[in-house]
Number of protein chains: 2
Amino acid sequence: MPREISHFAQKLNNFILLSEDELECLADLQTTPIHVQRGSELVHQGDTKQAAYILQAGWGCSSKLLPDGGRQIITFPLPGDCIGLRSVLLRTSDHSFSAVTDAIVTRVEVSRILRVFADYPYIGAAVLWAASRDEALIVEHLASVGRRNAVERTAHFFLELHDRLRLAGLASSGEFDCPLTQYLLADALGLSAIHVNRVLRELRERGLLTFQDRKATIHDHVALRQLSGYEALEEGPLMARGMEPQGTGR
Amino acid sequence: MPREISHFAQKLNNFILLSEDELECLADLQTTPIHVQRGSELVHQGDTKQAAYILQAGWGCSSKLLPDGGRQIITFPLPGDCIGLRSVLLRTSDHSFSAVTDAIVTRVEVSRILRVFADYPYIGAAVLWAASRDEALIVEHLASVGRRNAVERTAHFFLELHDRLRLAGLASSGEFDCPLTQYLLADALGLSAIHVNRVLRELRERGLLTFQDRKATIHDHVALRQLSGYEALEEGPLMARGMEPQGTGR
DNA sequence: CGACGCTTTGACACAACTCAACAACCGTGG
DNA sequence: CCACGGTTGTTGAGTTGTGTCAAAGCGTCG
């Protein structure tokens with residue numbers, strides 16, 4: 001990994017502006033890339049492991065498998081996102097992670113994480129912030145699956161994805177590459193693949209959103225937001241140096 | 001608050017056995033109880049606040065309100081659970097918290113949290129563990145709402161609740177008091193209240209589970225687990241002193 | 001070329017929702 | 001004391017959103 005700003009560092013930078021030292025530390029954390037082939041599983045639900053990963057390139061998919069064979073996709077990690085950070089302290093991983101496209105990840109051991117937290121309190125705070133934001137996305141996802149109908153849910157999903165990709169610098173306004181299949185969408189949205197297809201057609205015919213040939217286009221952002229009740233992600237540096245986290249210094 | 005082991009300390013103790021000092025610190029954290037009346041809202045979605053709460057007594061309900069008036073209940077906090085820990089670093093609270101029964105909470109400021117994390121690394125690790133477990137519950141909830149039918153979902157919910165209450169010492173095996181209404185259940189399970197009623201009747205008639213008069217009884221634990229695919233919560237001290245968290249010491 | 005993965009469409013079934021009504025229970029106030 | 005409105009639970013009838021099954025179209029890749 002050449003010493004350039006990683007997606008991960010960029011993401012944390014959204015919370016608090018990082019110093020040269022801290023960027024250095026983050027770079028050290030993300031050495032030795034691991035290549036994961038499209039479709040292969042990096043972490044299997046039930047694994048007893050004590051490491052997290054940072055996704056460097058490609059799209060991922062963390063999902064929960066049900067005894068009856070069904071699965072619920074929790075989120076599609078994008079470059080810069082953490083994988084398995086939640087279950088790092090749990091005895092066993094509560095979910096699986098597999099690669100949607102060919103992907104590159106870097107591994108981070110628990111002990112390493114905790115050491116960095118102790119040595120670089122600002123990084124610790126920023127990671128906690130990122131983890132909080134990711135959890136908020138899961139909560140929003142839960143609300144979507146529980147209380148929105150298929151069309152609203154799908155619209156909401158694409159708006160959120162659009163925002164996440166823009167924050168990661170991977171989407172120009174209104175359009176983005178999206179390697180997801182309708183089956184993956186279905187498992188994420190709690191629908192059947194066939195119904196996803198119908199919903200996508202409806203959104204297309206209503207001139208709101210097109211998802212074809214691995215490319216998604218938002219035609220009517222306003223109408224989609226109105227329809228789905230989507231609220232934009234918080235953006236921009238949120239915390240200035242010298243604020244709260246100072247208490248965590250030694 | 002008299003100096004006795006709080007529910008919160010008990011919960012953390014499940015992860016790592018706490019020292020006298022640490023128990024003292026936790027006790028100091030939970031002074032000045034705030035009484036919250038049944039039905040009233042302590043935190044409103046969108047609030048810009050920077051404090052978390054610990055639920056000391058009673059049942060809570062954290063939910064997300066949708067623009068169309070619907071709501072999705074994320075979880076029902078029980079004594080010892082944290083409230084708003086996730087959104088403490090976010091600019092605005094992403095969910096509301098209200099009291100299902102008359103309840104008592106204690107408030108913890110962000111600055112306080114971060115200081116404790118720095119001074120008592122074991123507490124920090126234990127809190128992170130608890131937060132991870134809570135997030136795992138939300139993920140499981142998402143899987144439930146997305147991929148289980150009404151009966152499975154309801155069965156799963158009650159098994160989980162039973163386990164959580166047992167860990168908190170609030171349920172004898174197979175039976176527990178449960179102040180939830182069918183409307184609350186509906187908003188948690190992503191169903192209509194009427195359908196919840198029908199599902200409860202079915203579970204009752206099949207001899208699996210009774211929920212009447214604010215009291216829930218698990219009649220056939222095995223069949224319910226089979227039906228819903230529920231997996232028991234991890235239990236017992238998970239981490240010994242001198243393990244990982246030592247890296248976080250000063 | 002055939003096989004495979006993904007999308008698209010139609011017909012039908014069923015789970016869950018809505019609407020409507022009523023019963024039981026509560027605390028409150030006359 | 002009873003009457004009252006409000007909350008919660010219960011049930012039925014009809015509707016609808018979404019799932020299931022089946023089949024065909026279309027790329028791509030070996």
Side-chain angles (χ1 to χ4, degrees), chain A residues 37-40 59 61 66 68-72 98-102 144-155 157 177-206 209-216 227-228, chain B residues 37-40 59 61 66 68-72 98-102 144-155 157 177-206 209-216 227-228:
Chain A
Q37 269 202 336
R38 178 182 122 89
S40 74
W59 287 48
C61 152
L66 281 82
D68 69 350
R71 73 167 171 178
Q72 174 66 44
S98 57
V100 169
T101 65
D102 287 343
S144 233
V145 173
R147 283 292 177 228
R148 286 189 246 259
N149 66 29
V151 175
E152 296 165 359
R153 209 182 296 175
T154 308
F157 175 84
D177 289 323
C178 176
L180 305 177
T181 67
Q182 295 183 359
Y183 286 88
L184 286 167
L185 275 177
D187 282 343
L189 298 173
L191 300 169
S192 69
I194 290 168
H195 200 59
V196 166
N197 184 283
R198 288 193 278 250
V199 168
L200 288 175
R201 178 174 16 139
E202 178 176 343
L203 287 170
R204 198 185 324 132
E205 287 172 352
R206 285 167 68 178
L209 145 69
T210 307
F211 174 47
Q212 267 169 338
D213 303 325
R214 339 222 102 196
K215 179 154 271 174
L227 170 69
S228 67
Chain B
Q37 269 202 337
R38 179 180 120 93
S40 75
W59 287 47
C61 152
L66 281 80
D68 70 350
R71 74 167 170 177
Q72 175 65 44
S98 57
V100 169
T101 66
D102 288 342
S144 232
V145 174
R147 283 295 179 226
R148 286 189 246 260
N149 67 30
V151 176
E152 296 165 358
R153 210 182 297 175
T154 308
F157 174 84
D177 288 324
C178 176
L180 305 177
T181 67
Q182 295 183 355
Y183 286 88
L184 286 167
L185 274 178
D187 282 343
L189 298 173
L191 300 169
S192 70
I194 291 168
H195 200 58
V196 165
N197 182 286
R198 287 193 273 256
V199 167
L200 288 175
R201 173 164 31 128
E202 179 176 341
L203 286 170
R204 198 186 322 131
E205 287 172 352
R206 286 166 65 177
L209 142 69
T210 307
F211 173 47
Q212 266 172 338
D213 303 325
R214 338 222 104 196
K215 179 155 269 175
L227 171 69
S228 67

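Residue numbers start from 1 in every chain, and the chains themselves are labelled A, B, ... in the order their sequence lines are given, proteins ahead of strands.
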Side-chain donor-acceptor distances from residues 191-200 of chain B under 3.5 Å, at least two apart:
| residue | atom | partner | partner atom | Å |
| --- | --- | --- | --- | --- |
| B:Ser192 | OG | B:His195 | N | 3.2 |
| B:Asn197 | ND2 | B:Gln182 | OE1 | 3.0 |

Quiz item: Quick one: side-chain hydrogen bond (donor to acceptor under 3.5 Å, both in side chains) partners of A:Thr181, sequence neighbours excluded?
Solution: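 Scan of A:Thr181 (side-chain hydrogen bond (donor to acceptor under 3.5 Å, both in side chains), adjacent residues dropped) gives none.
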Quiz item: Does A:Arg214 have any side-chain hydrogen bond (donor to acceptor under 3.5 Å, both in side chains) partners at least two apart in sequence or in another chain, and if so, which?
Solution: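 With sequence neighbours excluded, A:Arg214 shows a side-chain hydrogen bond (donor to acceptor under 3.5 Å, both in side chains) to no residue whatsoever.
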Taking [X] for the side chain and [Y] for the main chain, is one N or O donor matched with an acceptor at less than 3.5 Å?
X	Y	result
B:Arg147	A:Gln72	no
A:Asp102	A:Arg38	yes
B:Asn149	B:Val151	yes
B:Ser228	B:Ala155	no

Exercise. Have a look at B:Gly39 and say if it touches a base, only the backbone sugar-phosphate, or nothing, with a 4.0 Å heavy-atom cut-off.
Key: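 If one applies the 4.0 Å heavy-atom cut-off, B:Gly39 turns out to touch nothing in the nucleic acid.
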Quiz item: Once each nucleotide of nucleotides 25-30 of chain D is scored for protein heavy atoms under 4.0 Å, what B/S/- sequence comes out, 5' to 3'?
Solution: ------
Quiz item: Quick one: what's the B/S/- string for nucleotides 4-13 of chain D, heavy-atom cutoff under 4.0 Å, read 5' to 3'?
Solution: ----SSBB-B
Quiz item: Would you say B:Asp68 has more than 12 foreign heavy atoms packed within less than 6.0 Å of its CG?
Solution: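 Correct, the count exceeds 12.
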Quiz prompt | Value in whole Å for how far the C1' atom of D:dG17 lies from CG of A:Leu189 | solution =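 Answer to the nearest Å: 15 Å.
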Quiz item: Given atom CZ of A:Arg147 and atom C1' of D:dG17, what is their separation to the nearest angstrom?
Solution: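 Taking CZ of A:Arg147 and C1' of D:dG17, I get 15 Å after rounding.
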Quiz item: What are the 5'-most and 3'-most nucleotides of DNA chain C lying under 4.0 Å from any heavy atom of chain B?
Solution: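 Span of nucleotides near chain B: C:dA16 to C:dA20.
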Quiz item: Taking all non-hydrogen atoms of both residues, which atom of A:Val145 and which atom of B:Gly146 are closest, and how far apart?
Solution: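 Answer, listing the atom of A:Val145 first, then B:Gly146: CG1-CA, 3.4 Å.
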Self-check item: Step-by-step side chain to side chain contact (heavy atoms under 4.5 Å, CB included) determination, B:Val100 to B:Leu184
Solution: CA-CA 9 Å; B:Val100 169; B:Leu184 286 167; 4.0 Å; yes
